[in-house]
Amino acid sequence: MIDAARRVCSDPACGFVQRTNPTPAVGALVEYDGDIVLARNVKWPEGWFALITGYLEAGEEPTEAVRRELKEELNLEAIEIHPIGNYIFERKNEVMLCYHVIAAGELKLGAELCEYRRYKPQELKPWPRATGFAVADWMRARGLAVEFVDFPVAPSR
């Protein structure tokens, strides 16, 4: 938990409070032809793969954000969407609304992604944060063993 003091105006008539509420985002554990698809963002180092994620637009339902992100990033259609859970991602001050998505269509990477990999569910090794906790919860619900592994260290620039 982050211990951050909120800035509050000392004038009782003012009422200003600086809020640093987390930003809502969605994460999709994409199942495609029985495999789980993880993707690498163009800005990430080699070896970094994760769920399909994105921010909610104003007034957008979380499941619609999942459908939109899935189409934008992998060109796939969501056939079924099942909630996994909600997780705080402290590093980016986000709350992740995570879903298991069964998808179909022709898989093609969108502009934000440069690579994807397909895994059998038992091959997944989640990272010990936000979306990784969602993957672990999804795996446990299916009786799969969970082994957490952190992302490789990013190379210095």
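Treat the numbers as computed from the prediction; the structure is a model and nothing was measured.
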Evaluate the side-chain proximity of Arg67 to Leu70: yes if any heavy-atom separation is below 4.5 Å, no if none is.
no
Check whether any side-chain heavy atom of Asp35 sits under 4.5 Å from a side-chain heavy atom of Lys120, and report yes or no.
yes
Would you call the rings of Trp127 and Phe89 parallel, tilted or perpendicular if under 30° counts as parallel and over 60° as perpendicular?
perpendicular
Is the backbone N or O of Gly132 less than 3.5 Å from a side-chain atom of Tyr87, with the two atoms forming a donor-acceptor pair by type?
no
Minimum heavy-atom separation for Tyr55 to Arg68, with atom names?
O-NH2, 2.9 Å
Not counting sequence neighbours, which residues clear ring-ring contact (aromatic ring centres under 6.0 Å, His included) with Phe148? List them please.
Phe133
Report the distance from atom NE2 of His82 to atom CD1 of Ile84, rounding to the nearest 0.5 Å.
10.0 Å
Going by side-chain contact (heavy atoms from CB on, under 4.5 Å), Val101 matches just one of Leu29, Val66, Ile52. Which one?
Val66
CD on Glu69 to CG on Leu51, rounded to 0.5 Å:
12.0 Å
Heavy-atom nearest pair, Met139 first then Leu124, reads CE-O, 3.5 Å
Asp137 side chain to Gly85 backbone, donor-acceptor under 3.5 Å
no
Please report the interatomic distance CG(Leu56) to OG1(Thr63), rounded to the nearest 0.5 Å.
9.5 Å
Using modelled atom types and a 3.5 Å cut-off, is there a donor and acceptor pairing between side-chain atoms of Glu64 and backbone atoms of Glu61?
no
Of the non-hydrogen atoms in Ile79 and Ala103, which two are nearest, and what is the gap between them?
CG1-C, 4.2 Å
Tell me, do Leu74 and Leu109 make a side-chain contact under 4.5 Å, heavy atoms counted?
yes
